Protein chains: 2
Amino acid sequence: MTVHDHAAAGGPLSDDRAGAIRDRLRLAIVGRKLAPGTKLSEAEVGALFEVSRTVVRAALQMLAFEGLVRSERNRGAFVANPSPDEARQIFASRRLIEPGIAREACARVDAGALERFAALIAEEASQIASAGPQARQAEIKASGDFHLLLAEVAGNAILHRFMEELVARSSLVIALYGRSDASSCAHAEHRGILDALAAGDANRLARLVGEHIDHIEADLDLAPQGRAPALKDALGL
Amino acid sequence: MTVHDHAAAGGPLSDDRAGAIRDRLRLAIVGRKLAPGTKLSEAEVGALFEVSRTVVRAALQMLAFEGLVRSERNRGAFVANPSPDEARQIFASRRLIEPGIAREACARVDAGALERFAALIAEEASQIASAGPQARQAEIKASGDFHLLLAEVAGNAILHRFMEELVARSSLVIALYGRSDASSCAHAEHRGILDALAAGDANRLARLVGEHIDHIEADLDLAPQGRAPALKDALGL
DNA sequence: CGTGAAAAGATTGTATGCAATCTAGTCGGG
DNA sequence: CCCGACTAGATTGCATACAATCTTTTCACG
């Protein structure tokens with residue numbers, strides 16, 4: 001398979017080749033097609049996309065910055081494998097940032113934006129109703145895009161980029177530590193958030209967004225039972 | 001001049017060469033030794049640090065991610081030249097994030113951390129009292145490090161990295177749009193923040209941090225009078 | 001003399017080659 | 001039989017070479 005087989009289907013791909021590869025890899029990681037810890041060999045990725053290692057290295061460096069890839073010197077790049085502690089930090093960051101973003105979005109939202117929110121929620125509902133891994137990936141993307149649209153409407157490009165990183169890494173965390181999918185639950189909360197946004201009720205909106213994040217985190221199993229910690233406990237340290 | 005002339009003087013330089021060059025360039029940009037808009041030629045930087053363009057490109061890509069460098073395809077990299085709007089977004093982001101970080105830091109601070117804060121404030125005072133561009137650069141660094149220490153004590157690596165970016169970009173913004181240096185004013189507020197932190201008064205701390213950011217932004221001249229907008233207005237568009 | 005096209009020079013984007021490092025498999029000793 | 005050292009293969013880090021693009025200078029034409 002080469003990149004050309006899917007070039008037409010891609011979303012907002014950058015025009016530069018490194019950015020395009022980064023976008024494709026990110027989609028695969030966030031969509032859980034690439035499991036955490038998977039080795040991303042430069043030669044292999046390069047062969048897949050028909051580019052040299054130079055371009056692949058640039059793409060991997062970008063993903064490393066976003067925290068989706070862990071790069072180890074002389075060893076290569078791997079899909080990130082966030083620890084429970086990192087997971088907590090990711091959600092603590094979202095808990096701090098997103099209610100504020102929502103307040104700002106509430107002040108700036110207009111009819112066009114509300115339509116885009118509604119379209120995303122409809123897409124999300126449609127994918128939840130569908131079966132198959134393709135639908136799961138699309139559902140994850142729609143759910144994340146809901147939060148990103150909030151940041152976009154808020155009109156702050158920096159916070160939007162922070163949110164892109166946090167939402168992407170959240171998907172990895174949920175893949176690793178998610179107890180249930182809880183997608184229908186999250187979806188219902190998205191509807192409530194849109195209601196508050198449409199009503200212009202900034203306080204209710206901020207509260208709902210905060211609770212939404214709490215609920216997602218509450219569905220995680222972040223007990224210190226990862227491989228390394230478990231071993232450590234097993235040895236009685 | 002080569003990198004070796006200063007290698008011993010560096011701070012926490014990464015062991016990899018691209019990271020080292022990134023750190024050196026960042027220090028120069030944040031310390032206002034490199035003016036916004038300055039071209040960063042790959043060959044020139046490479047010659048200066050005695051590495052190939054490959055390594056320089058990696059360093060510049062990192063700085064582009066941090067928003068300190070603007071990279072234009074086929075044209076090269078330039079020290080970032082944030083617009084007034086970007087400046088507002090930077091400070092809006094800090095206004096949202098930093099009070100929350102301060103609250104978290106308040107809950108986790110210990111005696112050792114308080115000593116580090118005190119040392120930074122003393123360093124800042126010392127550099128303010130000194131003359132010369134070297135002292136100005138050190139003063140800027142100490143002031144920024146105060147905010148970064150707050151994020152470090154808060155114990156969230158993700159927010160700490162966000163703050164690193166925001167503090168660095170703030171320095172660029174102040175260099176471009178700062179009315180007065182107002183360094184003594186900021187320094188006094190740092191003392192007040194440390195007081196609240198030592199007292200464990202999270203509410204007062206969060207309020208002081210928020211006001212501190214407001215004061216820094218208030219000292220900026222962000223009227224839409226940049227080059228391009230002025231030209232646009234002059235042409236009556 | 002001013003304007004625009006065209007060519008020369010400079011700079012970036014990408015591919016490739018070599019050295020250094022890591023990994024895996026093999027062999028010998030205990 | 002298990003463990004460690006050693007060697008062969010694979011992979012990454014970096015430098016360099018070439019192609020594509022941009023910039024500047026030159027020069028012809030109006």
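Chain letters run A, B, ... following the sequence lines, proteins first and then strands; every chain starts at 1. Bear in mind the structure is a predicted one, so any value in this text is a computation, not a measurement.
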Please determine whether a side-chain nitrogen of the Lys or Arg among A:Arg70 and A:Glu72 lies less than 4.0 Å from a carboxylate oxygen of the Asp or Glu. yes

Okay, side chain of A:Arg108, backbone of A:Ala154: is any donor-acceptor separation there less than 3.5 Å? yes

Between B:Glu152 and B:Arg116, does at least one N-O distance fall below 4.0 Å, as a salt bridge requires? yes

Check whether any side-chain N or O of B:Lys39 sits under 4.0 Å from OP1 or OP2 of C:dA10, and answer yes or no. no

Would A:Phe91 and A:Val173 satisfy side chain to side chain contact (heavy atoms under 4.5 Å, CB included), going step by step from the backbone distance to the final call? CA-CA 10 Å; A:Phe91 278 91; A:Val173 166; 3.9 Å; yes

Do B:Arg161 and A:Glu165 sit within salt-bridge range, that is, some charged N less than 4.0 Å from a carboxylate O? yes

D:dA10 P sits how many Å from A:Glu44 CD, rounded? 14 Å

Per-nucleotide protein contact along nucleotides 13-18 of chain D, 5' to 3', at a 4.0 Å heavy-atom cut-off (B base, S sugar-phosphate only, - neither), is BSBBB-

